[in-house]
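Remember, predicted model here, so these are calculated numbers, not experimental data. Letters A, B, ... mirror the listed sequences (proteins, then strands); counts begin at 1.
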Number of protein chains: 2
Amino acid sequence: MEKQTVTIYDVAREAAVSMATVSRVVNGNPNVKPATRKKVLEVIDRLDYRPNAVARGLASKKTTTVGVIIPDVTNAYFSSLARGIDDIAMMYKYNIILTNSDENGGKEVQVLNTLMAKQVDGIIFMGNQVTDELREEFKRSKAPVVLAGSVDAEKAQPSVNIDYVAAVAEAVKNLIDHGNQKIAFVSGSMDQAINHDYRLKGYKKALKDAGISYDDKLVFETDYTYKAGQSLEPALTAAGATAAFVGDDELAAGVMNGLTDAGVDVPGEFEVITSNDTKLTELVRPKMSSITQPLYDIGAVAMRLLTKLMNNETVDENTVILPYGLMKRSSTK
Amino acid sequence: MEKQTVTIYDVAREAAVSMATVSRVVNGNPNVKPATRKKVLEVIDRLDYRPNAVARGLASKKTTTVGVIIPDVTNAYFSSLARGIDDIAMMYKYNIILTNSDENGGKEVQVLNTLMAKQVDGIIFMGNQVTDELREEFKRSKAPVVLAGSVDAEKAQPSVNIDYVAAVAEAVKNLIDHGNQKIAFVSGSMDQAINHDYRLKGYKKALKDAGISYDDKLVFETDYTYKAGQSLEPALTAAGATAAFVGDDELAAGVMNGLTDAGVDVPGEFEVITSNDTKLTELVRPKMSSITQPLYDIGAVAMRLLTKLMNNETVDENTVILPYGLMKRSSTK
DNA sequence: CGCAACATTGAAAACGCTTTCAAGTCAAAG
DNA sequence: CTTTGACTTGAAAGCGTTTTCAATGTTGCG
C-alpha cells in the first residue's frame, strides 16, 4: 500500500555506478564523464527518482529553507514584505517556513527555537519588539538573522528598513505646513521600538523644527486594528487635534472612517496621513496620503541580504536603508 | 568559530546512558525510570541540547511540516485562510512551508515537487485551476493533499469550502429582488473552476429561477485586481447593467470605486455585492455587501482535516462544506 | 613506449536521530 | 528460592544523502 520510494541506491544499482556518481550527476558536479551522466540521467528518469531533501539536509548540513517570523500574514504591510521575501527566496532556491507570532515575545522565542531545530539556513524576522531574550536567541543562532521592515534599538542584527525618523518627520512637517498646530500621533504599542524610538522621534523633531511644543495628550497609543482607529474619533476631536499621523494603514482607515462617520470632513476639517502605503490607501475614500515605502523591496532586499549571509559572503553594509517617499492623496490638503 | 552542536550522543555519554534512552526521554516515551529521566533531563539542560529535526525527520520519516501553496499571500482572502491554517498547524505542532504560486500551473507543479522532495507530511493547496498535471502530482504524492477554499471540478481531493453555487445564487437573487434585471457577473479567469463551474452556475440559476434570460454580454472576465475593477466602469454602464456580482473583494472595491468616481451612485444607481467578506468590505465606502464566508475557519478546518489524514485517521467526510451567509451592507439597497 | 598529470569513479564514513530486538532487572507470585 | 512477567535499558541497524580519499583510467608528450 505504502508508496515505494526509490533511493539513490536504487539508481546506482540500475545504472551500474556508485551512489557517489549518482550524487554527482544529481548535483550537477562536472566531474562526470558525459556518457556516464547520460546513463544515470536515463535511469533517474525511468525510475522517477526524486532526491530526498531531508537526507540531503542531514548529510550536507544545509536545508535550503529559511524561517520567516511574521506578526500576522493577514496584515497588508507584512504580507507585502512576505511576498518579496518568498519571491527572492524562490529565485535562490530556498523555501520559506512562515509562522505568525502576533508579536508575542514568548511565541517568538518558541518559534525561533523550532526553526533552529529544523535547521533552517537563515531567518528573517519581522516584529518591532526585540526583547532581550529574543536578542539572546538571535545571538546563539548559527543561522544568520535579518530583520525586515522592523527595527531593533540595539541594531545588533542586519536589517532592511527605511529611515523612519526622517519619514515621519517629513510627514508631520507636511501636516504642519498645512497650518495644523495640533497634530495627533496615533500608533500601536509604545513598547515597540519603531514607535517610541523612531516614529515618535520623527514626530517630535518635526514639531520642534516648527517651534510647536510637544503635548503628550496628542499621543494615542492603541491597537493596530481598524476598529481601534474607528473608535478613536471622540478622543481625537476632544483633544482638539486637526490632523493625525497614523502608524498603520488599517488603523488609519479606521481613524478616517471614524471621523467621516462622525461628520468630520477629511481632509477639510481633519487631515490624516498614514505610514505604510499598502493597497488600502487607494481603496478608501478619500484615498489616504501616506509615507511610501518599497514594501516588496524591503522583503526582497532582506532575503537577498540573507542569501549573502548564508553564503558567508562579506556584505558591505549590514543595515540597509531603502528610500521612502511621501504620496499626497486626498486625506490631506 | 563554527558553533558547536551538541548531539544526542553527547547527552548519552554525559548522562551515562544510551542514545536510545535519551531519545526516549526527549520524545516523552513513558518507558523510562523516573530517576533516569531526571538525570537525562539535567544533562540536556546543562548541555543545552536541542534535537536536530532534520535527523529526526530522516529517521522517523516524519517532518512535522506541511506545505501550503497559496496564489498570493498579499490577497486578503487567501491570507485569511493562511492564518487559520498556520494557527491550527501550530496547535498540532506542525510548521508551514508557504509558497506563492500566482495560480501558475507550471509553478504549482514545480513547487509541489520541491515540497514532496522536502518530505512534507501533508499539503494544503489553494488555487482554482487544478490542471490534469497537478491532479497527477496529487495522486502520486504520498503526503495527503487537501484543498482549502478552492474547488476542483473532479472532486478528487479532500477539500473544505462553502457551497459556492448556492451562495452566489442567493446573492444574485438578492440583487434581482431589488428590481435589477441586468446584473453583471464579474469574476476572474473563466479557466478557474470556481468561476465557470460554480459561481457562474449559481448566477445562471438565480436568473433562471427569476425568469431572466442569461446574456453573456453581462459576463466580465478580468483580473483579480483593484485596477481591473476600476477600469470596468465604462463597459459596465455600456452594457446597461444596474448591479453586479463580483467574485473578489479587491476587484469589487475597484468596480465600486470606478463607478463612484464616474459619478454613478452606489447603491442608488448601481448595486454591487461581493464574495469574500474580507476586512476590505468594511473599509470602503459604501461598505460592501457580501457573501460571508468563515475564512479563518476554512483554513483551520482544512488544516485540521489534514492532520487527521496525516494521522491515518478515518474521516467521515472528505469534502466539508462550511456555512455561508449574506451580509447586507451599504453597496446594495 | 614510459610517465606525469589529470579526469573519473567507488568505498565507506559520516550526518544525528529513531526504532527494533534482545538482554538484563526486579518484584510479586508460587 | 525459583519463576514469571512487567519494566528498563542498550546495541546496532537503519534513514537517504554528501563527501573525502584513494584507486583506476586516460591522455599528452618527450
Without decimals, in angstroms, what is the distance between [X] [atom1] and [N] [atom2]?
| X | N | atom1 | atom2 | answer |
| --- | --- | --- | --- | --- |
| K33(B) | dA6(D) | NZ | C1' | 14 Å |
| N31(A) | dT20(D) | CG | P | 13 Å |
| R24(A) | dT20(D) | CZ | P | 11 Å |
| K62(A) | dT19(D) | NZ | C1' | 13 Å |
| N29(B) | dC7(D) | CG | P | 13 Å |
| D121(B) | dC15(D) | CG | C1' | 15 Å |
| M116(B) | dG16(D) | CE | C1' | 16 Å |

Is any side-chain heavy atom of V109(A) less than 4.5 Å from a side-chain heavy atom of L134(A)?
-> yes

Discussion item. Are the side chains of T64(B) and K93(B) in contact, using a 4.5 Å heavy-atom criterion?
Written reply: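 Heavy-atom side-chain distance check fails, nothing below 4.5 Å.
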
Could you report the tightest heavy-atom contact between V151(B) and N128(B), atom names first, then the distance?
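Looking at all heavy atoms of both residues, the shortest contact is N-OD1, 3.0 Å.
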
Counting any heavy atom closer than 4.0 Å, what does V22(B) reach on the DNA or RNA strands: base, sugar-phosphate only, or nothing? nothing

What is the nucleic acid contact for V26(A), judged by heavy atoms within less than 4.0 Å: base, sugar-phosphate only, or nothing?
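The residue V26(A) makes no contact with any strand.
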
Any salt bridge linking D102(A) with R83(B)? Criterion: basic side-chain nitrogen under 4.0 Å from a carboxylate oxygen.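 The answer is yes: the pair qualifies as a salt bridge.
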
Item to check | Residues D132(B) and K139(B) bridged, charged N to O under 4.0 Å | outcome: no

Query raised in the report: Can you list every pair that meets ring pair (Phe, Tyr, Trp, His ring centres under 6.0 Å) and has a residue in residues 26-79 of chain B, with sequence neighbours left out?
Result: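 For residues 26-79 of chain B, and leaving out neighbouring residues, there are no ring pair (Phe, Tyr, Trp, His ring centres under 6.0 Å) pairs at all.
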
May I ask you to evaluate whether T36(A) reaches the phosphate of dT8(C), defined as a side-chain N or O under 4.0 Å from OP1 or OP2?
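Result: no.
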
Practice problem: Using only side-chain N and O atoms of T21(A), determine if any of them is under 4.0 Å from OP1 or OP2 of dG10(C). | Solution: yes

Please write out the pairs of protein N or O atoms and N or O atoms of nucleotides 13-17 of chain C separated by less than 3.5 Å, giving the distance to one decimal.
| residue | atom | partner | partner atom | Å |
| --- | --- | --- | --- | --- |
| dC15(C) | O3' | K61(A) | NZ | 3.3 |
| dC15(C) | O2 | A59(A) | N | 3.4 |
| dG16(C) | OP1 | K61(A) | NZ | 2.9 |
| dG16(C) | N2 | A55(B) | O | 3.4 |
| dC17(C) | OP1 | Y49(B) | OH | 2.6 |
| dC17(C) | OP1 | N52(B) | N | 3.1 |
| dC17(C) | OP2 | I8(B) | N | 2.3 |

Original post:
Can you list the steps and then say if Y224(A) with D72(A) is a side-chain contact (heavy atoms from CB on, under 4.5 Å)?
Top reply: CA-CA 11 Å; Y224(A) 280 136; D72(A) 184 2; over 6 Å; no

